[in-house]
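What follows is a set of notes on a single structure, which appears directly below.
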There are 2 protein chains.
Amino acid sequence: MNTTPTSQNLSHLRHSAAHLLAAAVMELWPDTKRAIGPATDDGFYYDFEFTQPKSSDDFEKIEQKMRELVKSWKSFEHLELSSDEAKEKHPGNPYKHELIDEHSEMGNKKVTYYVSGSFGDLCKGGHVEHPDKELKHFKLLSVAGAYWRGDEKNKMLSRIYGTAFFTKEELEQYLNRLEEAKRRDHRKLGKDLDLFTFSDLVGKGLPLFTEKGATIWRELERYVVDEEIRRGYKHVKTPNIAKTDLYKTSGHYPYYKDTMYPPMKVDEDELILRPMTCPHHFALFMSRPRSYKELPIRYAEMANLFRYEKSGELTGLIRVRQFTLADSHNFIRKDQASDEINFVLDLIEDITTALKLTKGTDFTYRLSLGDRNDTKKYYDAPEEWEFAENCLRDVLKKRNAPFYEAPAEAAFYGPKIDVQMKNVLGKEDTAFTVQYDFCLPERFKLTYINEKGEDEQPVVIHRSSVGALERVIGFLIEHYAGSLPVWLSPVQVMIVPIAERHIDYAKKIAETMKSTISVATPTGIRVELDDRNERMQAKIRQATLQKIPFIVIIGDAEAETANADQQVAIRTREGKDLGTMNVQQFIAQLKNDIEKKI
Amino acid sequence: MNTTPTSQNLSHLRHSAAHLLAAAVMELWPDTKRAIGPATDDGFYYDFEFTQPKSSDDFEKIEQKMRELVKSWKSFEHLELSSDEAKEKHPGNPYKHELIDEHSEMGNKKVTYYVSGSFGDLCKGGHVEHPDKELKHFKLLSVAGAYWRGDEKNKMLSRIYGTAFFTKEELEQYLNRLEEAKRRDHRKLGKDLDLFTFSDLVGKGLPLFTEKGATIWRELERYVVDEEIRRGYKHVKTPNIAKTDLYKTSGHYPYYKDTMYPPMKVDEDELILRPMTCPHHFALFMSRPRSYKELPIRYAEMANLFRYEKSGELTGLIRVRQFTLADSHNFIRKDQASDEINFVLDLIEDITTALKLTKGTDFTYRLSLGDRNDTKKYYDAPEEWEFAENCLRDVLKKRNAPFYEAPAEAAFYGPKIDVQMKNVLGKEDTAFTVQYDFCLPERFKLTYINEKGEDEQPVVIHRSSVGALERVIGFLIEHYAGSLPVWLSPVQVMIVPIAERHIDYAKKIAETMKSTISVATPTGIRVELDDRNERMQAKIRQATLQKIPFIVIIGDAEAETANADQQVAIRTREGKDLGTMNVQQFIAQLKNDIEKKI
């Protein structure tokens with residue numbers, strides 16, 4: 001929730017633009033019924049019920065009308081009307097009438113109404129003072145269906161989106177960023193680069209990763225798993241289904257049941273797809289007695305999780321109906337909490353560094369706190385909350401980590417640190433979290449035997465190291481605009497023989513690369529050979545479009561060295577000519593880049 | 001189905017033993033109601049309704065009575081009785097009465113009844129001629145609950161299992177094998193070696209792999225995946241759920257719906273946990289047009305699959321409710337079929353060799369054929385069946401592979417080669433299969449563009465390379481009696497410092513091993529340090545019981561070399577003393593063993 005004055009003004013500007021949009025639409029198509037039109041983080045929208053469908057082809061006409069009308073908008077005049085008066089202003093409009101009725105049912109005698117030029121609208125207020133002077137730099141962006149009040153049972157309206165800025169430069173910058181985001185859209189690149197696909201037969205929100213997409217997945221998965229194991233995490237493997245009772249015991253059920261799949265009745269049991277891993281790891285912890293000497297015990301897993309998302313909310317790899325979380329539950333003594341949070345953040349920062357994401361720029365931390373007054377939403381243990389929140393805050397402060405606090409954003413079982421990633425448009429989203437939990441250990445009666453031989457309750461840190469693999473892959477595709485670092489690239493080298501007579505040597509080079517087995521290349525260097533009967537330039541162009549990091553070109557000069565010191569000519573996907581070099585030297589360099597994740 | 005004369009006689013002997021068991025029980029506890037008592041592959045059983053529960057503590061008493069009674073059993077006298085006469089022989093016994101009624105409902109006027117000594121029983125026949133002379137070497141083995149006629153709605157009876165042989169030696173051999181099987185039982189070893197666990201809270205048939213079990217899993221998975229990729233398989237990643245319609249399109253639904261989980265209704269769709277991967281891989285194949293030049297396309301996946309098994313059929317890791325199949329679907333031109341089957345069998349035999357399983361001894365092939373007359377069960381395309389069956393048979397013959405044929409054991413969509421593994425008791429089971437499919441490509445209308453530019457239908461080879469990971473892990477634990485080869489061992493080296501003053505050097509050695517990163521040891525050598533304040537012999541014993549391949553002992557002599565040439569003393573889990581050697585030399589040897597899978 002950003003509430004600085006600048007953004008407030010911007011939101012006033014954009015809300016004013018929404019009025020202007022509605023005014024233009026009503027002038028052009030007077031039989032339209034208008035619903036609501038707020039400002040958003042990125043602009044504004046207005047929902048309409050049109051008698052004839054509208055498309056982006058109509059935007060120019062609407063914008064022109066907006067520019068024409070705004071000249072006469074000297075101010076927004078504030079009126080207070082009775083319900084009946086307000087309804088008269090919107091004859092035959094069920095949306096406005098519904099809002100007015102609700103308002104009066106809540107005990108309000110008057111509704112507020114704003115007039116600018118000859119256009120009036122039911123409105124809570126929040127506009128610029130001089131629309132004719134301030135509201136100049138706006139742009140309509142898209143139109144999409146939206147249910148009245150977001151409810152699928154209601155009528156589908158047409159939502160027109162737009163944005164507005166105070167200066168031309170800001171608007172242009174934003175539109176450029178939008179263009180850039182479109183170019184980087186992982187859904188488009190996923191198709192162009194053949195990384196994943198969707199199938200109507202399989203179902204919505206269920207991506208199928210092709211060989212290339214699965215390669216990125218495998219590289220990322222093994223990197224994270226191996227890194228975690230080296231640091232002392234115990235990687236385990238637990239089932240994707242469990243008895244519904246498990247989630248009732250854990251207390252997750254009431255909070256998550258809306259996003260859980262329906263239970264499946266088999267035998268005397270009711271099974272359910274798991275939405276999280278916690279209780280499975282708790283079951284492992286409880287499988288035998290534990291001593292304080294064993295702690296911390298860190299159970300990590302690449303866990304398949306299943307959450308039902310509404311079809312309207314599904315977005316490529318970012319919002320899916322099955323995902324794989326790099327998950328872990330760290331069972332600790334309470335006095336180990338600070339060390340453990342640091343241990344977890346160290347890993348997160350090492351992984352983000354390896355992925356070339358910059359702390360403070362590409363991501364930041366959010367400290368999500370509980371609310372001591374809301375014991376319905378948050379587990380009622382004020383002292384534990386206090387301790388845990390202070391612990392997380394202190395760690396972040398001592399690390400000089402960039403963070404801000406967010407009241408009442410915690411999990412029901414404790415406060416958390418959210419890793420907030422910024423996407424190409426600068427929009428911030430929670431990518432994954434580090435959670436301090438003193439509630440589930442109590443619900444499951446987890447214990448370990450302490451130094452005195454007594455039962456004691458551990459604290460659990462729930463954490464991810466990189467989030468859901470699907471989501472991070474989608475994010476990385478956009479971050480790198482498809483040009484993934486060489487270690488993550490599905491094809492690392494494309495070999496381009498110029499003529500047919502160069503194919504033999506090209507094959508030999510390909511074989512040498514394929515059989516380069518090392519810890520960073522367990523299945524060899526990923527190489528393809530373009531032996532089609534095409535012009536060299538076309539092949540290079542194709543490999544460049546496919547964002548293949550290195551293109552090895554084999555012509556007469558190189559082929560002549562086949563039985564000597566084996567030279568190859570190298571180009572990069574950025575179009576840089578690296579000249580010719582010995583193939584073993586190139587491989588050594590490549591292996592080094594892959595190993596070091598350069 | 002083994003029907004050699006010897007085993008027939010053995011089955012006669014065992015069936016006779018079942019009579020004898022029932023006779024002894026009726027003498028000892030005359031108010032018992034007896035049900036049925038057939039011979040089985042390994043022995044015999046008899047089902048009883050006791051008035052007082054019996055346990056293995058009663059076996060000696062029963063066996064003694066059996067030995068006593070059999071002396072007077074000179075033969076089995078065959079009688080033919082009317083239903084009423086037969087019922088009189090079993091007064092108040094609802095089980096026998098039910099069988100007699102069924103027999104007469106099927107139109108039979110007479111039932112057969114056999115008398116030996118003073119004991120008679122309703123029976124179809126099949127006994128030894130001279131029980132007093134032949135029936136000497138028997139043994140009762142266990143007692144378990146069993147529903148009358150296997151139906152959960154019926155009464156639970158007590159089933160007493162036993163076995164019998166013609167010679168004392170054979171019986172003893174069998175009992176030794178049974179003991180050995182108990183010792184090797186993966187469920188017991190899984191617990192003793194802390195490899196996996198089950199949780200009532202999570203649910204039946206859903207194993208949770210601990211760190212150690214998950215390590216075996218990861219090693220096996222990466223080995224198979226990397227081996228497949230090196231050979232040209234495209235590893236992909238597809239979701240665990242799909243629309244129920246997908247399995248209706250594929251035609252799997254009617255055949256598999258009894259073992260599929262119930263569908264889950266979400267939005268307008270019905271989703272279901274996938275019981276197999278085929279249609280997902282077909283969806284990938286169909287995601288863009290294909291050319292003959294691309295074939296074979298081999299989509300491989302470590303696929304999570306879900307089949308509902310009755311709780312009575314669940315067995316450790318061998319029969320579970322969720323499993324991970326090393327699956328693949330190879331899309332080929334029909335003329336590539338022989339080559340492809342060979343390609344697939346080559347991989348299977350290389351993997352089994354790496355796991356030290358011997359062809360012909362540990363596993364054999366079964367060629368499972370269709371039935372041209374049963375067009376309800378088998379897809380109706382006689383010429384395709386003929387071609388496919390001949391193709392598989394020819395390949396097996398040309399390879400000189402050990403195989404036998406099994407009529408009417410094919411999949412509904414084509415014939416298959418079953419990989420039949422033998423367990424410790426010599427019992428054969430289908431571990432996984434290679435299937436030739438000409439039916440699903442037709443159902444899904446799969447096509448590729450052939451040399452002439454026309455649409456043509458591919459053939460699909462469904463195959464696994466090693467079966468389900470859960471099952472193969474269970475099998476390997478038993479095969480190796482827990483002493484897994486070093487590359488699969490969860491802990492590869494245990495370091496045992498003799499006294500506290502040796503711990504520093506022991507830690508140094510452990511660190512050196514942990515940081516030995518190579519393609520075969522991406523997370524270092526898996527080493528543990530036993531720094532407990534215990535006697536050396538106790539620590540060695542503990543490591544041996546945990547089946548850790550190498551035990552490194554650090555005493556004064558070794559610790560003295562800490563800053564010199566770093567010597568260590570090595571023992572194996574077999575108790576062999578390998579003497580002292582330089583630590584780098586030991587690591588090099590170990591790395592070699594791991595890499596070569598020795």
Side-chain angles (χ1 to χ4, degrees), chain A residues 194 197 199 201-204 206-211 213-215 217-218 222 225-226 229-230 234-243 245-246 249 261-267 269 271 273 279-280 283-284 286-288 299 301 304 306 308 310-311 321-322 514 517-519 521-524, chain B residues 194 197 199 201-204 206-211 213-215 217-218 222 225-226 229-230 234-243 245-246 249 261-267 269 271 273 279-280 283-284 286-288 299 301 304 306 308 310-311 321-322 514 517-519 521-524:
Chain A
D194 191 23
T197 183
S199 154
L201 264 171
V202 172
K204 292 185 195 114
L206 297 169
L208 294 93
F209 287 83
T210 63
E211 179 192 21
T215 300
W217 180 301
R218 191 173 53 254
R222 289 192 185 181
V225 169
D226 290 356
I229 291 176
R230 285 188 208 115
K234 297 177 192 297
H235 260 270
V236 300
K237 206 126 196 123
T238 60
N240 294 355
I241 45 181
K243 293 202 278 191
D245 283 344
L246 185 65
T249 304
Y261 285 88
M264 296 167 288
K265 181 104 186 112
V266 295
D267 296 347
D269 294 334
L271 294 172
L273 283 169
H280 284 87
L284 271 177
M286 291 186 289
S287 69
R288 57 182 178 82
Y299 289 135
E301 182 168 5
N304 286 321
F306 300 82
Y308 164 69
K310 285 187 190 150
S311 52
R321 286 182 170 173
Q322 172 187 346
K514 275 184 194 172
I517 308 287
S518 73
V519 64
T521 59
T523 55
Chain B
D194 191 22
T197 185
S199 154
L201 263 171
V202 172
K204 291 186 195 116
L206 297 169
L208 294 94
F209 287 83
T210 62
E211 179 192 23
T215 301
W217 179 303
R218 189 173 56 253
R222 290 193 185 180
V225 168
D226 289 357
I229 290 175
R230 286 188 207 115
K234 296 178 191 298
H235 259 271
V236 299
K237 205 122 197 128
T238 60
N240 295 356
I241 44 180
K243 292 203 278 191
D245 283 344
L246 185 65
T249 304
Y261 285 87
M264 296 167 288
K265 182 105 186 108
V266 294
D267 294 350
D269 294 334
L271 294 171
L273 282 169
H280 284 88
L284 271 177
M286 291 187 290
S287 69
R288 56 181 178 83
Y299 289 135
E301 182 168 5
N304 286 323
F306 301 81
Y308 164 69
K310 284 187 188 147
S311 52
R321 285 182 170 173
Q322 172 187 346
K514 275 184 195 170
I517 307 287
S518 73
V519 64
T521 59
T523 54

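What you see is a predicted model, and the numbers here were worked out from it, not measured in a lab. Within every chain, numbering begins at 1; the chains are lettered A, B, ... in the order of the sequence lines, protein sequences first and strands thereafter.
- For the pair B/Leu273/A/Leu273, a side-chain contact is recorded, criterion being any heavy-atom separation below 4.5 Å from C-beta on.
- In this structure, CD1 in A/Ile229 is found 5.0 Å from OG1 in B/Thr523, a value given to the nearest 0.5 Å.
- Considering only heavy-atom pairs separated by less than 4.5 Å from chain A, the leading option among B/Ala214, B/Ser199, B/Pro239 is B/Pro239.
- Proximity to chain B is limited to the side chain of A/Thr197, based on heavy atoms less than 4.5 angstrom apart.
- By number of non-hydrogen pairs under 4.5 angstrom with chain A, the leading residue of B/Val202, B/Asp245, B/Thr238 is B/Val202.
- Only the side chain of B/Arg288 comes within less than 4.5 Å of a heavy atom of chain A; its backbone N, CA, C and O stay farther away.
- To the nearest 0.5 Å, atoms CG (B/Leu206) and CG (A/Leu271) are separated by 6.5 Å.
- Enclosure of atom NZ in B/Lys234 is not indicated, since only 12 or fewer non-hydrogen atoms of other residues, nucleotides or ligands lie within 6.0 angstrom.
- Of the two parts of B/Pro279, neither the backbone nor the side chain holds a non-hydrogen atom closer than 4.5 Å to a non-hydrogen atom of chain A.
- Proximity to chain A is absent for every atom of B/Thr521, based on heavy atoms less than 4.5 angstrom apart.
- When all heavy atoms of A/Leu284 and B/Phe209 are compared, the closest pair comes out as CD1-O, 4.0 Å.
- Residue B/Asn240 touches chain A through both its backbone and its side chain, counting heavy-atom pairs closer than 4.5 Å.
- Looking at B/Leu201, both its backbone and its side chain come within 4.5 Å of chain A, counting heavy atoms on both sides.
- In terms of heavy-atom pairs under 4.5 Å with chain A, the best-connected choice from B/Gly524, B/Pro207, B/Pro263 is B/Pro207.
- Using a 4.5 Å cut-off between heavy atoms, A/Tyr299 does not touch chain B at all.
- Closest non-hydrogen pair, B/Asp226 versus A/Pro522, comes out as OD2-CB, 3.6 Å.
- Contact count against chain A (heavy-atom pairs under 4.5 Å) is highest for B/Thr210 among B/Val225, B/Thr210, B/Thr249, B/Thr215.
- Using a 4.5 Å cut-off between heavy atoms, B/Lys265 contacts chain A through its backbone alone, with no side-chain atom that close.
- With a threshold of 4.5 angstrom between heavy atoms, A/Ile241 approaches chain B through its backbone and through its side chain.
- Between A/Asp269 and B/Lys204, the shortest heavy-atom contact is OD2-NZ, 4.2 Å.
- Of all the listed residues (B/Arg222, B/Met264, B/Arg230), the one sharing the greatest number of non-hydrogen pairs under 4.5 Å with chain A is B/Arg222.
- Of the listed residues B/Ala242, B/Ser287, B/Ala283, the one with more heavy-atom pairs under 4.5 angstrom with chain A than any other is B/Ala242.
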